[in-house]
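Here's the structure we're looking at; comments come further down.
One-based numbering along the sequence shown.
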Amino acid sequence: MQAYFDNSATTKPCPEAIKAVENALTECWGNPSSLHYSGLEADTLLEKARQSIASKLSCESGEIFFTSGGTESNNLALFGTAYSLKRYGKRIVATSVEHPSIDEALNRLSEEGFEIIRLSVDKTGKINPADLIAAVTPDTILVTMMYVNNEVGSIMPVELAKRAVTASGAHAYVHVDAVQAFGKLNVNPLRMGADLVTVSSHKIHGPKGAGALYIKKGTRLKPRTLGGEQEMKVRPGTQPVPAIAGFGAAADALPDIKEELSVITELRDYMLSEFEKIGGIELNSPRDALPYVTNISVTGIKSEPMLNFLSSKGICVSAGSACSKGKKSRVLTEMGLDRDRMESPLRISFSRYTTKEEIDYLVEMINLGKQQIRAIK
């Protein structure tokens, strides 16, 4: 049997996305910037996908700008804002548990003279709202925050960011990294008070290589790339229409959020109850985390041997963010977990294709792995 539980890293492409990619490769393969019939066909696919993403975000299609994925969108949001608004100040407020594409960009901006404020989190992976209010001062130009943490599933109070900016009188944009939230929670930029929102295709059963940045009408960013009129010069370069078409099709195929969230919550709770039966497992995620992401530690067993054992049994899980390449989790460090749990995390992430039978197999194999790995010791 095989069981895939690494959906926070990437998801299996859905049939609708695969069909859309194939169509764009075989039937509408022209350059969408060309004015002949082949180019116009490709442009029609491009704009259809743009409208699909906009519909899911309850925004206008002209506010959606396609990129290569979440990392590029996050970089564009941070550097584009910093260079556009630096005349108002150089203070940027973030959390201490952001995705590497945010954290590394902040490090670079710090080297360039920007003041970076990273808000600490508690043992649930969340910031103190009072800390956010206090951190946003009149010279702040950007508040950036992940909606759902990619390692433990903590849900951040993103709506508070805009209130903090308004209260301070700052000329600041609010950026929300919604890569792990899009398709699982209601991501509405207007309701969140966000000027910029990052989403990605391969987290919602679309192909890799496509993402988008919502840019609220009137928000001005300095582009990171130069050289063409595509994406209104915000992200020039010939668009990868097959990937974008697949992204749009995956967005159209998303099920009802409330209904799926209820199903996933039941599966997550069932898994936790089964873990309690076998014992020796600690929950690193908060109980109110998004149920798609569950982080655990198997007592006394480091991540690598358990990951290897599970992989040998056809089970895919991870130890944390795919972008961290096995490095010690900064998120769990910031949460203040003890050394044993820091060395043994497993991230189990669900999708709409996850089944109870797969969960039973996972629990069985983790229990077997505990016994065999300890016997080797």
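The hydrophobic clustering, which links ILVMFWY residues whose side-chain heavy atoms are closer than 4.5 Å, places Leu160 and Leu119 together. Hydrophobic clustering (ILVMFWY, side-chain heavy atoms < 4.5 Å, transitive): Leu267 and Met1 are in one cluster. Note: the hydrophobic cluster containing Phe79 does not contain Val93 (ILVMFWY, side chain heavy atoms under 4.5 Å, direct or indirect links). In the hydrophobic clustering of ILVMFWY residues, with side-chain heavy atoms under 4.5 Å counting as a link, Ile116 and Met156 come out apart. Under the 4.5 Å side-chain heavy-atom criterion for ILVMFWY residues, no single connected hydrophobic cluster contains both Ile64 and Leu76.
Within a 6.0 Å radius of CD in Glu304, other residues, nucleotides and ligands contribute 12 heavy atoms or fewer. Heavy-atom neighbours of Arg108 CZ from other residues, nucleotides or ligands within 6.0 Å: at or below the threshold of 12. Crowding of Gln371 atom CD: a count of heavy atoms from other residues, nucleotides or ligands under 6.0 Å exceeding 12.
Judged by distance alone, the side chains of His99 and Ser101 do bring a donor and an acceptor atom under 3.5 Å apart. Counting only N and O atoms by type, the side chains of Thr198 and Asp177 include no donor and acceptor under 3.5 Å apart. Residues Tyr214 and Glu60 bring no donor and acceptor atom of their side chains to less than 3.5 Å of each other. Side-chain contact check for Lys12 and Tyr4: no donor-acceptor pair (N or O, by modelled atom type) lies under 3.5 Å. Side chain to side chain, Ser285 and Thr294 fail the donor-acceptor criterion of an N or O pair below 3.5 Å. Defined by atom type and a distance below 3.5 Å, a donor-acceptor pair is present between the side-chain atoms of Ser52 and Asp252. Inspection of the Ser303 and Glu343 side chains reveals no N or O donor paired with an N or O acceptor under 3.5 Å. Side chains of Glu72 and Ser68: a donor-acceptor N/O pair is present below 3.5 angstrom, by distance only. Side-chain contact annotation: Thr95 with Arg118, donor-acceptor N/O pair under 3.5 Å absent.
The two residues Pro207 and Gly246 have their closest heavy-atom pair at CD-C, 3.6 Å. In this structure, Ser154 and Lys126 approach most closely via the heavy-atom pair CB-CG, 4.2 Å. Across all non-hydrogen atoms, the minimal contact from Leu25 to Pro242 is CD2-CG, 3.6 Å. When every heavy atom of Ala77 is checked against every heavy atom of His175, the shortest pair comes out as CB-CD2, 3.6 Å. Taking each heavy atom of Tyr147 and Val176 in turn, the nearest pair found is CB-CG1, 3.8 Å. Counting all heavy atoms, side chain and backbone alike, Cys28 lies closest to Leu45 at CB-CD1, 3.5 Å.
The distance from the CZ atom of Arg191 to the OG atom of Ser58 is 9.0 Å, given to the nearest 0.5 Å. Here the CG atom belonging to Leu142 is positioned 15.0 Å from the NZ atom belonging to Lys86, to the nearest 0.5 angstrom. If you take CG on Asn149 and OG1 on Thr124, they are separated by 10.5 Å, rounding to the nearest 0.5 Å. Summarising the geometry, atom CD belonging to Glu259 is positioned 11.0 Å from atom CG belonging to Leu261; distances are rounded to the nearest 0.5 Å. Here Asp103 contributes atom CG and Ser96 contributes atom OG; the two are 9.0 Å apart, rounded to the nearest 0.5 Å. Residue His36 holds its NE2 atom at 10.0 Å from CD of Glu41, rounded to the nearest 0.5 Å.
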Subject >> Test log, rule side chain to side chain contact (heavy atoms under 4.5 Å, CB included), inputs Val143 and Val165 >> reply: CA-CA 8 Å; Val143 178; Val165 168; 3.9 Å; yes
Original post:
So Phe309 and Leu368, side chain to side chain contact (heavy atoms under 4.5 Å, CB included) or not? Walk me through it.
Top reply: CA-CA 9 Å; Phe309 176 82; Leu368 180 62; 3.9 Å; yes
Subject >> Intermediate values then yes/no, salt bridge (Lys or Arg N to Asp or Glu O under 4.0 Å), Glu231 and Arg50 >> reply: CA-CA 11 Å; Glu231 300 304 301; Arg50 198 185 308 276; 2.8 Å; yes
**OP:** Would you sort out whether Gln51 and Lys48 count as a side chain to side chain contact (heavy atoms under 4.5 Å, CB included), showing the intermediate values?
**Re:** CA-CA 5 Å; Gln51 182 56 55; Lys48 182 178 183 296; 5.8 Å; no
**OP:** Any chance you could lay out the side chain to side chain donor-acceptor pair (under 3.5 Å) test for Ser351 and Thr11, step after step, and finish with the verdict?
**Re:** CA-CA 7 Å; Ser351 81; Thr11 54; over 6 Å; no
Subject >> Evaluation steps, side chain to side chain contact (heavy atoms under 4.5 Å, CB included), between Tyr173 and Arg220 >> reply: CA-CA 10 Å; Tyr173 291 158; Arg220 304 299 178 195; 4.0 Å; yes
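Put simply, the side chain of Thr219 never gets that close to the backbone of Ile215: no donor and acceptor are under 3.5 Å apart. Judged by distance alone, with hydrogens and angles left aside, the side-chain atoms of Glu266 form no donor-acceptor pair with the main-chain N or O of Val263 at under 3.5 Å. A donor-acceptor pair under 3.5 Å is formed between the side chain of Ser344 and the backbone N or O of Asp340.
Between Asp195 and Lys217, none of the side-chain N atoms (NZ, or NE/NH1/NH2) sits under 4.0 Å from a carboxylate O, so this pair counts as no salt bridge. The residues Arg330 and Glu334 are annotated as not salt-bridged, no charged nitrogen and carboxylate oxygen being separated by less than 4.0 angstrom. Using a 4.0 Å cut-off between a side-chain N of Lys or Arg and a carboxylate O of Asp or Glu, Lys313 and Glu364 do not qualify as a salt bridge. Ion pair Glu22/Lys19 not flagged as a salt bridge, since none of the NZ, NE, NH1 or NH2 atoms sits closer than 4.0 Å to an Asp/Glu carboxylate oxygen. Ion pairing of Asp139 with Lys90 is absent here, as no side-chain N (NZ or NE/NH1/NH2) approaches a carboxylate O to less than 4.0 Å.
Checked against the 6.0 Å centroid criterion, the rings of His202 and Phe247 do not qualify as a close aromatic pair.
With a 4.5 Å cut-off on side-chain heavy atoms, Val331 and Met335 count as touching. Counting heavy atoms from C-beta outward, Arg91 and Thr137 have side chains that approach closer than 4.5 Å. In this structure the side chain of Leu221 reaches within 4.5 angstrom of the side chain of Leu196, judged on heavy atoms. For the pair Lys370/Val298, a side-chain contact is recorded, criterion being any heavy-atom separation below 4.5 Å from C-beta on. Annotation: side chain of Lys203 is not in contact with side chain of Phe182 (no heavy-atom distance under 4.5 Å). The side-chain heavy atoms of Pro236 and Lys233, taken from C-beta on, include no pair separated by under 4.5 Å. Here the side chains of Leu78 and Leu106 are in contact, with some heavy-atom distance below 4.5 Å. Residues Phe350 and Ile359 form a side-chain contact, since some pair of their non-hydrogen atoms from C-beta on lies under 4.5 Å apart.
Of the candidates Asn7, Asn284, Val317, Val293, Val293 is the only one forming a side-chain contact (heavy atoms from CB on, under 4.5 Å) with Arg347. Screening Leu307, Asn295, Leu362 for a side-chain contact (heavy atoms from CB on, under 4.5 Å) involving Leu346 leaves a single residue, Leu307.
Geometrically, Arg235 does not engage Phe65 in a cation-pi contact, judged by NZ or CZ lying under 6.0 Å from the ring centre and within 45° of the ring axis.
Between Tyr83 and Phe114, the ring planes lie tilted relative to each other; the angle falls in the 30° to 60° range.
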